[in-house]
Amino acid sequence: MQGALAIQAIHSFGSPEQQARWLPGLVKGELVGCFALTEHGHGSDPGGMEARATRDGDYYILNGSKCWIGNASIADVKVVWAKDGDGRVGGFVVEKDAPGFRAQDIEGKFSLRMSRTSECWFEDCRIPAENRLPKASGLGAALSCLSYARTGIAWGVIGAAIDCYETALAYAKSREQFGRPIAGFQLVQQKLVWMAQEITKAQLLALRLTRLMEAGSARSAQISLAKRNNVWMALRCARKARDILGAAGITDRYSVIRHLMNLETVSTYEGTHDIHTLIVGRDITGIDAFAG
Ligand SMILES: Cc1cc2nc3c(=O)[nH]c(=O)nc-3n(C[C@H](O)[C@H](O)[C@H](O)COP(=O)(O)OP(=O)(O)OC[C@H]3O[C@@H](n4cnc5c(N)ncnc54)[C@H](O)[C@@H]3O)c2cc1C
């Protein structure tokens, strides 16, 4: 959220003055950033957003709500996406204590429990007109930030998968049943081999995607393919590792169940698994299966 989303949005779409004002603090971690795109009624379909930013002299007046926003309740620099008077999506920086802004943390999460996730409301929230990101024109600007975040996710989940694999391998070698280590059973080896194989493939996919990103030639369907595959792979690894650990796998003595729960969020955010299926499907067939 801090790097690929809040910083990336200001870096890509902010004016030099905005960049000088917010980026140093965000990059050093002295300022907390957030990226508010999702709304209560619009998750997979952000283009339907209802948040509005109406120009009023030297100010914009924001009205609407956002939901599932990481760090919104504590963020110093909130990059908020809203439609302007022409119905065009723009990015607006809402600073801490802006009048008309309030947020409430979402309680009861079983996934990413250490991360603060909030819903928030803008009620005639007045921000200086100079806080609009001048180069962010249309929903594509917000979505381009997600491309960086999704690439980061394609790498990050490999780390979770490797930890699950290594934990399961060590456990399988030390845990004995029927007079021998469970690592010696073919069914257990099959799970470990699947993990090693899929982790290796996911690493190659992420590496290739990163090379394309560096060359500036990655297409959104390629990013979707990598996010979709690697999160799915990591979830399956976590599930298989939990299985190998038996009863111990449901406890917090091992990291596996934590990864399993956290990966459930990763499968949903930055575009759900099924939404990425539709993006890749549209790319392959040329037919849009999103609606109707
Ligand atoms: C912990 C956490 C942190 C988050 N952080 C942020 C954040 O910092 N900033 C932010 O803006 N958002 C954030 N999100 C929101 C996240 O991006 C959304 O949850 C996600 O885009 C899905 O939206 P939704 O939950 O409204 O699900 P919905 O869009 O309601 O989807 C529900 C189900 O319907 C399916 N579906 C939807 N449309 C279609 C279709 N056309 N065809 C087939 N199936 C479909 C989906 O795949 C899904 O299975 C976060 C979410 C979580 C859980």
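Counting convention: from 1, in listed order, for ligands and their atoms alike.
- A heavy-atom separation below 4.0 Å is found between Glu270 and ligand 1.
- Among protein heavy atoms, atom 50 (C) of ligand 1 sits closest to Trp68 O, 3.2 Å.
- Under the 4.0 angstrom criterion, atom 32 (C) of ligand 1 counts as lacking any protein heavy-atom contact.
- The shortest heavy-atom contact between Val256 and Cys164 is CG2-CA, 4.2 Å.
- Dense packing is recorded around CZ of Phe13, with more than 12 heavy atoms of other residues, nucleotides or ligands lying under 6.0 Å away.
- On a distance-only criterion, Ser44 and ligand 1 share at least one N/O pair closer than 3.5 Å.
- Among protein heavy atoms, atom 45 (C) of ligand 1 sits closest to Ile275 CD1, 4.3 Å.
- The proximity of Leu278 to ligand 1, defined as any non-hydrogen pair under 4.0 Å, is limited to the side chain.
- In terms of protein heavy-atom proximity, atom 41 (N) of ligand 1 is closest to Phe290 O, 2.8 Å.
- Short contacts between ligand 1 and Ile69, defined as distances under 4.0 Å to a heavy atom of the residue, involve ligand atoms 7 (C), 8 (O), 9 (N), 10 (C), 11 (O).
- Residue, atom and distance of the protein heavy atom nearest to atom 24 (P) of ligand 1 are Gly43 CA, 4.0 Å.
- Looking from atom 9 (N) of ligand 1 to the surrounding protein, the closest heavy atom is Phe35 O, 2.8 Å.
- Less than 4.0 angstrom separates some heavy atom of Leu37 from each of these atoms of ligand 1: 11 (O).
- For ligand 1, none of its N or O atoms has an N or O atom of Tyr269 under 3.5 Å away.
- The nearest heavy-atom contact from the protein to atom 8 (O) of ligand 1 is Gly70 N, 3.0 Å.
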Quiz item: For Arg236 and Trp194, what are the C-alpha separation, side-chain angles and deciding distance, and is it a side-chain contact (heavy atoms from CB on, under 4.5 Å)?
Solution: CA-CA 10 Å; Arg236 300 267 320 254; Trp194 190 93; 3.4 Å; yes
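- In this structure, Arg113 is positioned above the aromatic face of Phe110, its NZ or CZ under 6.0 Å from the six-membered ring centre and within 45° of the axis.
- Among protein heavy atoms, atom 47 (O) of ligand 1 sits closest to Thr272 OG1, 2.6 Å.
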